[in-house]
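Following: one structure in structure tokens, then a few remarks.
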Amino acid sequence: LVQSIRGNNNHSLCGEIGWPYVVRALAAANKDDVLSAIASQMDKPSYGYQLAQGATTLTESWVADRSMSWNHAMDGHIDAWFYSHVAGIRSISPLVLIPLPHPDVEHASASRVTKSGVVSMDWWKVGDVFRVNVTIPPGTAAHLHLPVEPLLVAEGGRP
């Protein structure tokens, strides 16, 4: 799969039926670099090309064909990857947060409404500093996995 995508200039050539499985397979294999490369393409077929054509929602066609729907969620499965692998909200029950900095991303932010309240994750990468803000509802247990050495972690500005 990775070889096929890399061989097609970081484009996935599957259709809307296969696309969710491609996203899930790459995410499960920790191929975030491949998904990031797909998501950042600006030529067709790609999300970036849709944006360049003026789309503010997902289009039915990878090439943003104006004769087709411009409000088409079928190809939006990469959103799950943005939440879980870029922003880091991996699961809600149990609550698992794993923010992972990506080479081409300096900031990520996501939130989810749960039965207990809102869970939010914001992270920033500036040089060698990785800053994370997490908000969880009162009384909620969470597993937070940080990509840093434990001695470098501060809470409320204190080590």
For this session: List the steps and the verdict of side-chain contact (heavy atoms from CB on, under 4.5 Å) for V23 and L35.
Result: CA-CA 7 Å; V23 172; L35 282 163; 4.3 Å; yes
For this session: For side-chain contact (heavy atoms from CB on, under 4.5 Å), just list the numbers for L26 and W81, CA-CA rounded to whole Å, side-chain angles, deciding distance to a tenth of an Å, and then say yes or no.
Result: CA-CA 10 Å; L26 292 170; W81 175 73; over 6 Å; no
For this session: Show the numbers, then the answer: is there a side-chain contact (heavy atoms from CB on, under 4.5 Å) between K31 and V2?
Result: CA-CA 8 Å; K31 296 296 184 182; V2 171; 4.1 Å; yes
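Closest of all the heavy-atom pairs between G18 and C14 is C-SG, 3.8 Å. The shortest heavy-atom contact between L144 and P99 is CD1-CD, 4.0 Å. Considering all non-hydrogen atoms of both residues, A37 and N10 come closest at CB-CG, 3.6 Å.
Each of V22 and L13 belongs to its own hydrophobic cluster when Ile, Leu, Val, Met, Phe, Trp and Tyr are linked at side-chain heavy-atom distances under 4.5 angstrom. One hydrophobic cluster holds both I92 and L97 under the rule that ILVMFWY side chains link at heavy-atom gaps under 4.5 Å. Note: the hydrophobic cluster containing W124 does not contain V105 (ILVMFWY, side chain heavy atoms under 4.5 Å, direct or indirect links).
Once rounded to the nearest 0.5 Å, the distance linking CG of N8 with CD of Q3 reads 10.5 Å. Residue Q53 holds its CD atom at 8.0 Å from NZ of K44, rounded to the nearest 0.5 Å. Between Y83 atom OH and I78 atom CD1 the span is 14.0 Å, to the nearest 0.5 Å. Between M42 atom CE and Y49 atom OH the span is 10.5 Å, to the nearest 0.5 Å. Note: M121 CE to S109 OG = 10.0 Å, rounded to the nearest 0.5 Å. Taken from CG in L58 to OG in S69, the straight-line distance is 9.5 Å, to the nearest 0.5 Å.
One N or O on the side chain of S40 and one on the backbone of S36 form a donor-acceptor pair closer than 3.5 Å. A donor-acceptor pair is defined here as one N or O able to donate and one able to accept, closer than 3.5 Å; such a pair exists between the side chain of Q50 and the backbone of T59. The main-chain N or O of V86 is found under 3.5 Å from a side-chain atom of W123 such that the two form a donor-acceptor pair.
Remark: R112 CZ is loosely packed, at most 12 non-hydrogen atoms of other residues, nucleotides or ligands lying under 6.0 Å away.
Residues satisfying the side-chain contact (heavy atoms from CB on, under 4.5 Å) criterion with S61, sequence neighbours excluded, are V63, D65, M68. Under the side-chain contact (heavy atoms from CB on, under 4.5 Å) criterion, D79 pairs with F82, sequence neighbours left out.
Within the 4.5 Å cutoff, side-chain heavy atoms of V119 are placed close to those of P137. At least one side-chain heavy atom of I38 sits less than 4.5 Å from a side-chain heavy atom of I5. Using a 4.5 Å heavy-atom cutoff, the side chains of H143 and R90 are not in contact. N30 is listed as a side-chain neighbour of H85, based on a closest heavy-atom distance under 4.5 Å.
Residue I98 is found in a hydrophobic cluster whose other members, listed by chain and number, are V96, L100; membership requires side-chain heavy atoms under 4.5 Å apart, directly or through intermediates. Hydrophobic cluster membership of V118, counting Ile, Leu, Val, Met, Phe, Trp and Tyr whose side-chain heavy atoms lie under 4.5 Å apart directly or via other members: V113.
Residue pairs meeting the ring pair (Phe, Tyr, Trp, His ring centres under 6.0 Å) criterion with at least one partner in residues 6-37, sequence neighbours excluded, are W19-W62. For the side-chain hydrogen bond (donor to acceptor under 3.5 Å, both in side chains) condition, the pairs that include at least one residue of residues 131-140, sequence neighbours left out, are S120-T135.
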